[in-house]
Structures are given as C-alpha cells and as structure tokens.
Amino acid sequence: MAKIVFDGVRKTFGEFTALDGIDLEIRSGEFLVVVGPSGCGKSTLLDLLGGLSAPTAGRILLDGKEVSGPGLDRGIVFQQYALLPWRTAQGNVEFGLEATGVPRRQRAARAKEFLDLVGLTGFEDRHPHQLSGGMRQRVAIARSLAYDPDVLLMDEPFAALDAQTRESLQDELRRIWQSTGKTVVFITHGIEEAVYLGQRVAVMTSRPGRVKEVVPVSFGDRDGLLGEALRSSPEFARYRHEIWNLLHDEVARAQQLEKEAAAV
Ligand SMILES: Nc1ncnc2c1ncn2[C@@H]1O[C@H](COP(=O)(O)OP(=O)(O)OP(=O)(O)O)[C@@H](O)[C@H]1O
Ligand SMILES: [Mg+2]
C-alpha cells in the first residue's frame, strides 16, 4: 500500500484554481522531490498534506486514512526558520516533544541526541538570534525529527542558505533519510538539489498546478555516492538536463499566459 496518495486533489482560493487533478502516490520510505515554477502550488500541496488546509475536491490518504488535520505523524520544515525566538536550540527541539507527552527527563536527552545528529553539539544553549541561518535550519530539522514522525515535509528548507551550507545540509539530510527510513516530500526550486536528493522528481505545471511528469532518478552503482563524485557524473548531468527541459517549457508557458492576460 502507498504511504501517501493524492487522489484527484483540487484546491481553489475563491475564483483562483491553485491545484487541479493532482494524482500522486508516494511509497513508504521514498524520497520524493517536487519542483515547479514559482506560484505553481508547491507550498499549497505541502500544506494540504500537512493538514494545514483542506482540499476543495479529491482527497489525500496517509496510510490509507484521509488526512483531516495536522498530526504528529508528519513533521514540517518550512522555508523560513519557524523557531521560537525566546527558546534555546535545546528548548526548541524539546518543544516538539512536549506535545507528544515524552517525560521531561527524556525530553532533554532526546533533544541533545537530535541536535548531535544535525551537528549542533555545543550549541544547545544558544538562542535562534545567536545562530547562523544554516544552524537555525538544522535546529528546525532536529525538532521535526525528534518526535519521530513517519513523514517529513520540507518546503524549500535550504533555499535561503549559501551554496556550501546547502550542500552540506543536503548530505546530512540524505544520511538521516538513509538511516531512519522516513518518507520525505521535499520541495525545491533547485534542479541540482532535486536530482541530488530525489528518488523521483515530480515536475509541476503552472496555472493550475498539475503534476506534469514524474522522473525516476537512479544512479545504479553510484547510488551510494555523495558530493562531487555524484554531482560531476554524466548521469547527473543527463537528469539535470531532462528536468531543466521539462521546467523550462513550463516557465515559458507561464510567461506566455501572462503576456496574453496583459494584452486583453
Ligand atoms: N491563502 C491563499 N489565498 C489566495 N491565494 C493563494 C493562497 N495561498 C496561495 N495562493 C495562490 O496559489 C498559488 C500557489 O501558491 P503557492 O504558495 O502554493 O505556490 P508555490 O509553488 O509554493 O510558489 P513559490 O515557488 O513561489 O513558493 C499562487 O498563485 C498563490 O497566489
Ligand atoms: Mg512555496
């Protein structure tokens, strides 16, 4: 059985159709990346799966049950650092555990363990304003992992970071995903990021957002490779080119639609 099913999902905001006819199945333990032009409905899709809003038509199933609201089975990492500014790194990770009823003493130990997992040992007592952007995003990732959700939903979590920090967090995320077996739905603008992280890459159309094509990404013997060894391989370039082409057509179509609308 698929872990997640989008079944004929549509989402409108008044007259405006943001998503239409979304049919998508995601396997348990899969790393699925969603790419698409700005405004095509990627965040809307993730909000629906997170249970933060409801579809206008169709339904979303998680483990065979219809999603009807947020739940601790899904951890969400937003693009902007959604940390509590008055709490330390440790306190922010513990916050996620309070809701799950983990006893106080275990909370502290668990928070330390997950801060260590994202490479933040020694920074437990810092407040968000005393951390770099990359460190804040690591705290957000640790927070969403600590209460052990089955599914990790990530909305452009690395977009605001410099290239080096982004690449090291990508490697960390791959390592965490491989060691925990979580199902990950990851949204990005970055084609390289999509090819590097995704087992499949769903490319969306704009206006209304639909799934245009789902590209399976496999590097055969190179699947275990990290960093430059993978990024510089010919297969990597081929996937990047394929997804670039799919996206490029969409961006061109969106611009054409805009021109036509302006001419009316
Ligand atoms: N609450 C809302 N009310 C009205 N329109 C909305 C609302 N939320 C999103 N939209 C519209 O739905 C469309 C999709 O928005 P969404 O944020 O999902 O796009 P996106 O693909 O995440 O874009 P980006 O890549 O820029 O983050 C946009 O045209 C947006 O203006
Ligand atoms: Mg968005």
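We use all heavy atoms of the structure for the numbers below, so side chains are in, but hydrogens, waters and symmetry mates are not. As the structure lists them, so they are numbered: ligands from 1, and atoms in each ligand from 1.
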Query raised in the report: Below 4.0 Å from any atom of ligand 1, is there a heavy atom belonging to Lys11?
Result: no
Query raised in the report: Looking at ligand 1, does Glu156 have a heavy atom less than 4.0 Å from it?
Result: yes
Query raised in the report: Would you say Gly39 and ligand 1 have an N/O pair spaced under 3.5 Å apart?
Result: yes
Query - Polar contact flag for Phe13 and ligand 1 (N/O pairs, less than 3.5 Å) - result: no
Query raised in the report: Can a cation-pi geometry be assigned to Arg231 and Tyr196, taking NZ or CZ under 6.0 Å from the six-membered ring centre and within 45° of the ring axis?
Result: yes
Report task. Looking only at protein heavy atoms, identify the closest one to atom 30 (C) of ligand 1 and say how far it is in Å. Result -> Phe16 CE2, 4.6 Å
Query raised in the report: Does the protein put a heavy atom under 4.0 Å from atom 25 (O) of ligand 1?
Result: yes
Requested in this report: In sequence, state the C-alpha distance, the side-chain angles, and the governing distance for Lys42 and Asp155, and then conclude on salt bridge (charged side-chain N to carboxylate O under 4.0 Å, His left out).
Outcome: CA-CA 8 Å; Lys42 302 182 295 296; Asp155 191 354; over 6 Å; no
Query raised in the report: Would Arg138 and Glu172 satisfy salt bridge (charged side-chain N to carboxylate O under 4.0 Å, His left out), going step by step from the backbone distance to the final call?
Result: CA-CA 10 Å; Arg138 282 165 205 246; Glu172 253 163 60; 3.2 Å; yes
Query raised in the report: So if you build clusters from Ile, Leu, Val, Met, Phe, Trp, Tyr with side-chain heavy-atom gaps below 4.5 Å, do Phe78 and Leu84 land together?
Result: no
**Report entry** Within one Ile-Leu-Val-Met-Phe-Trp-Tyr cluster: Val5 and Leu49, side-chain cutoff 4.5 Å
**Finding:** no
Query raised in the report: Between Ala142 and Val118, what is the shortest heavy-atom contact and its length?
Result: CB-CG2, 3.9 Å
Taking only heavy atoms of [X], which atoms of ligand 1 are found under 4.0 Å from at least one of them?
X	result
Thr44	14 (C), 15 (O), 16 (P), 18 (O)
His189	25 (O)
Gly41	14 (C), 16 (P), 18 (O), 19 (O), 20 (P), 21 (O)
Ala18	12 (O)

Requested in this report: Please state whether the rings of Tyr239 and Phe219 are parallel, tilted or perpendicular, taking 30° and 60° as the class boundaries.
Outcome: perpendicular
Requested in this report: Please examine the side chains of Val184 and Met154, heavy atoms only from C-beta on, and report whether any two atoms are closer than 4.5 Å.
Outcome: yes
Query raised in the report: Within Ser43, is some N, O or S atom less than 2.8 Å away from the Mg ion (ligand 2)?
Result: yes
